[in-house]
Amino acid sequence: MKSIEVLGNWKSNKTRGEAKDWIQKFSSQNTTIKPGIRTILCPAFHHLDLFLEAKLPMALGVQDVSPYPSGAYTGEISASMLSGTVAFVLLGHSERRKYFEETDNIIAKKVAEALRHTLIPIVCISQISEATTLVNKVPQFMQNGLFLYEPLTAIGSGQADSPENADAFAQEVITTLGPIPVLYGGSVKPENAAGFFAMEHISGVGVGGASLDPVQFAKLIEVASSCSK
Ligand code: PGA
């Protein structure tokens with residue numbers, strides 16, 4: 001059975017009250033998650049306790065981690081602090097590269113720290129060179145990481161890439177580097193998700209905007225269920 005990932009990234013959104021409301025509305029959807037489908041949600045750090053308490057049928061991730069170990073690094077949350085609380089960390093998002101000047105070097109350090117503390121890194125890429133650079137610096141990523149292919153023009157624009165283009169990109173990553181899950185992200189909605197789930201080389205979807213609405217997110221999980229073989 002092909003395993004399918006449904007990954008939500010809340011980015012810098014939601015007050016505590018809004019997060020509680022989302023959890024309550026998502027729970028009331030009674031979404032069944034079929035075996036072979038993994039749902040991962042990355043809210044902001046300060047919402048994690050709400051999710052841990054609610055015990056929703058989804059894995060938890062965060063949207064950043066320190067490139068340094070625990071210690072005198074004011075403001076940072078290290079991988080060791082997160083280990084045991086969340087399973088995943090989303091790294092290298094184009095918004096981090098653009099607004100926070102994250103370089104391939106910093107991203108590689110974060111990935112190495114995540115792996116050292118058994119967090120699973122999901123690394124966003126928009127070109128093959130970002131994938132090869134990372135794997136050259138942190139070869140062990142290939143055993144435990146996932147890539148999320150996000151073309152820059154597709155993010156938040158309503159203009160998703162075509163499933164065929166995304167599949168060709170995923171295939172190129174796999175041919176160049178070896179077997180690794182490659183997800184597609186960028187304007188994925190319940191209405192267009194099935195096309196991506198159907199592709200041979202795509203292992204799931206990453207959603208920003210559509211994950212903010214609990215009904216849309218539940219629908220995406222349903223679409224993934226109906227596409228799983
Ligand atoms: P979007 O964001 O689904 O709102 O396009 C995708 C992402 O940035 O991960």
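In each ligand, atom 1 is the first atom listed, and ligand 1 is the first ligand listed. Every heavy atom of this structure was used, including side-chain atoms; hydrogens, water molecules and symmetry mates were not.
Close contacts between ligand 1 and H93 involve ligand atoms 7 (C), 8 (O), 9 (O) [criterion: under 4.0 Å to a heavy atom]. Listed by atom number, the atoms of ligand 1 under 4.0 Å from S187 heavy atoms are 1 (P), 3 (O), 5 (O). In the vicinity of I155, heavy-atom distances shorter than 4.0 Å reach the ligand 1 atoms 2 (O), 5 (O), 8 (O). Heavy-atom proximity to G156, at under 4.0 Å, picks out these atoms of ligand 1: 1 (P), 4 (O), 5 (O).
Note: no N/O pair closer than 3.5 Å links E95 and ligand 1 by distance alone. In terms of polar-atom proximity, defined here as any N/O pair under 3.5 Å, G186 makes no such contact with ligand 1.
Ion pair D104/K137 not flagged as a salt bridge, since none of the NZ, NE, NH1 or NH2 atoms sits closer than 4.0 Å to an Asp/Glu carboxylate oxygen. Ion pairing between E113 and R116 holds under the 4.0 Å rule for side-chain N and carboxylate O.
Connection of L115 to V86 is established within a shared hydrophobic cluster, with ILVMFWY side chains joined at heavy-atom distances below 4.5 Å, either directly or through further cluster members.
Looking at R97, its side chain never comes within 3.5 Å of a backbone N or O of I107 through a donor-acceptor pair.
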Worked verdict on H93 versus E102 for side-chain hydrogen bond (donor to acceptor under 3.5 Å, both in side chains) | CA-CA 9 Å; H93 195 286; E102 282 194 12; over 6 Å; no
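Proximity of K189 to ligand 1 is not established, as no heavy-atom distance is less than 4.0 Å. Residue G185 places no heavy atom under 4.0 Å from ligand 1. The shell of residues lying under 4.0 angstrom from ligand 1, judged by heavy atoms, excludes A210.
Partner of L148 under the side chain to side chain contact (heavy atoms under 4.5 Å, CB included) criterion, chosen from V123, L91, N9, L7: L7.
Among protein heavy atoms, the minimum distance from atom 4 (O) of ligand 1 is reached at G209 N, 2.8 Å. Distance from atom 3 (O) of ligand 1 to its nearest protein heavy atom, with residue and atom name: G208 N, 2.8 Å. Looking only at protein heavy atoms, the nearest one to atom 9 (O) of ligand 1 is E150 OE2, 2.6 Å.
Checked against a 6.0 Å centroid threshold, the rings of F51 and W10 count as neighbours.
Within the 4.5 Å cutoff, side-chain heavy atoms of L56 are placed close to those of S27.
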